[in-house]
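In this chain, numbering begins with 1 at the start of the sequence shown. Because the structure is a prediction, the values reported are computed rather than measured.
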Amino acid sequence: FLIHVMRRAIISDIHGNVVALEAALADCRAQKVDEVVCLGDICGYGPDPVACIETIRSRCKWVLAGNHDAALFMSVAIGFNKFARDAIEWQRSVMLPKWYSLPGTKSRWNWLSELTPIRQEGEVLYIHASPRDPMMEYVEESDFADMGFGSSQKAQDMFDSFKTLAFCGHSHRPGVVTQEFQWMKPQELPEMSWKLRPGDKTLVNVGSVGQPRDSNPDGCSVIYDDHNKTITYRRVAYDVKKAQARFRTVPQLDERLAKRLETGN
């Protein structure tokens, strides 16, 4: 029989930042969540993809593939800037199994290769990127701005692509979107929490644990309380200096990737 999940932590976009990941998971334990799930991008940008994968595999109920994870398996990483591409190429060189690799290296690589960017559970859709393009399309505040011509076609298409509730990551910019196409940032919500309205569609961008980009350096994740029908954002401070020191041990990672952790941009 199915055990009904009450409180589920949803994390995303760890990007090889194991210091931020450990802080986020410590917060999940402190909040006594029933389980943790991950919307992808364990890899990319950061110095500790292996440690992040091992931690996520042991702690998460299930995991989606992000575009940076998928890029490890492409001969050419298309759609990435130079810094992101250099990071992917370095991570591939570290993680790709060689003939002499231990079985754990192979099983980790195979596990990563089999992830998909989408999961449907009843009325709830989980994707890495966007409901209409689960791997690559960004969901951002500007998609829902009314410039006097009504809502954008992109906004309408995204909302047409799920039933009731959808969770995504990918853009590193957290927000709750109502079916009126109103985007609300976590800090604009009462106690950073949103009560789901019966019969309404809601799209939730959970933000990023390891590379926040909303001008707040604290890692961002969400607790979805299925019983009380609430979405609550968690901002978790972590030791940014320690994370930056880890980034700087890898010459292939551009200094900008470490520097931006300070500002969350």
Does any N or O in the side chain of [X] come within less than 3.5 Å of the main-chain N or O of [Y], such that one atom is a donor and the other an acceptor?
{"X": "N205", "Y": "G207", "result": "yes"}
{"X": "K98", "Y": "L96", "result": "yes"}
{"X": "R57", "Y": "W111", "result": "no"}
{"X": "Q244", "Y": "A258", "result": "yes"}
{"X": "D69", "Y": "D41", "result": "yes"}
{"X": "R92", "Y": "A71", "result": "yes"}
{"X": "S193", "Y": "P190", "result": "no"}
{"X": "R234", "Y": "S221", "result": "no"}
{"X": "R132", "Y": "M158", "result": "no"}

With F162, which residues qualify under ring-ring contact (aromatic ring centres under 6.0 Å, His included), at least two apart? F159
Does the side chain of [Y] come within less than 4.5 Å of [X]'s, by heavy atoms?
{"X": "E140", "Y": "K154", "answer": "no"}
{"X": "M6", "Y": "D226", "answer": "no"}
{"X": "R7", "Y": "V33", "answer": "yes"}
{"X": "I56", "Y": "I11", "answer": "yes"}
{"X": "W183", "Y": "D143", "answer": "no"}
{"X": "C220", "Y": "D214", "answer": "no"}
{"X": "V37", "Y": "Y224", "answer": "no"}
{"X": "Q252", "Y": "Q91", "answer": "no"}

Closer than 4.0 angstrom, basic N to acidic O: yes or no for [X] and [Y]?
{"X": "E262", "Y": "K241", "answer": "no"}
{"X": "D48", "Y": "R246", "answer": "yes"}
{"X": "E121", "Y": "R8", "answer": "yes"}

Would E141 and R173 count as a salt bridge (charged side-chain N to carboxylate O under 4.0 Å, His left out) here? Give the steps. CA-CA 8 Å; E141 185 175 5; R173 291 182 173 90; over 6 Å; no
Would you kindly say whether Q179 and D200 are connected by a side-chain donor-acceptor distance under 3.5 Å? yes
So, N110 versus E114: side-chain donor-acceptor pair below 3.5 Å or not? no
Name of the residue among I10, I118, L165, V206 meeting side chain to side chain contact (heavy atoms under 4.5 Å, CB included) with Y126: I10
So which atom in [X] and which in [Y] form the shortest heavy-atom distance, rounded to 0.1 Å?
{"X": "V139", "Y": "P131", "value": "CG2-CD, 4.3 Å"}
{"X": "G210", "Y": "S208", "value": "N-OG, 3.4 Å"}
{"X": "H170", "Y": "M136", "value": "NE2-O, 2.8 Å"}
{"X": "D133", "Y": "A129", "value": "O-CB, 3.4 Å"}
{"X": "D157", "Y": "S161", "value": "O-OG, 2.7 Å"}
{"X": "A23", "Y": "A237", "value": "CB-O, 4.0 Å"}

CZ-CG distance between F167 and L203, expressed to the nearest 0.5 angstrom: 9.5 Å
Please round to the nearest 0.5 Å and tell me the distance separating atom CG of N17 and atom CD of Q211. 7.0 Å
Run the ring-centre check on W194 versus Y233 and record whether the distance is less than 6.0 Å. no
With clusters defined by side-chain heavy atoms of hydrophobic residues (ILVMFWY) lying less than 4.5 Å apart, directly or transitively, does [Y] cluster with [X]?
{"X": "I231", "Y": "F181", "result": "no"}
{"X": "V222", "Y": "L189", "result": "yes"}
{"X": "V50", "Y": "L25", "result": "yes"}
{"X": "Y238", "Y": "I223", "result": "yes"}
{"X": "V204", "Y": "V177", "result": "no"}

With a 6.0 Å cut-off (strictly less than), is the heavy-atom count around [atom1] of [X], excluding the residue itself, greater than 12?
{"X": "K61", "atom1": "NZ", "answer": "no"}
{"X": "K259", "atom1": "NZ", "answer": "no"}
{"X": "E180", "atom1": "CD", "answer": "yes"}

Show your reasoning for whether side-chain contact (heavy atoms from CB on, under 4.5 Å) applies to N216 and Q187. CA-CA 11 Å; N216 180 343; Q187 63 271 25; over 6 Å; no
Is there a side-chain contact (heavy atoms from CB on, under 4.5 Å) between R213 and N265 once you walk through the steps? CA-CA 4 Å; R213 300 234 178 110; N265 279 314; 5.7 Å; no
Among residues two or more places apart or on two chains, list those pairs meeting ring-ring contact (aromatic ring centres under 6.0 Å, His included) that have a residue in residues 14-34. H15-Y45, H15-H68, H15-H172
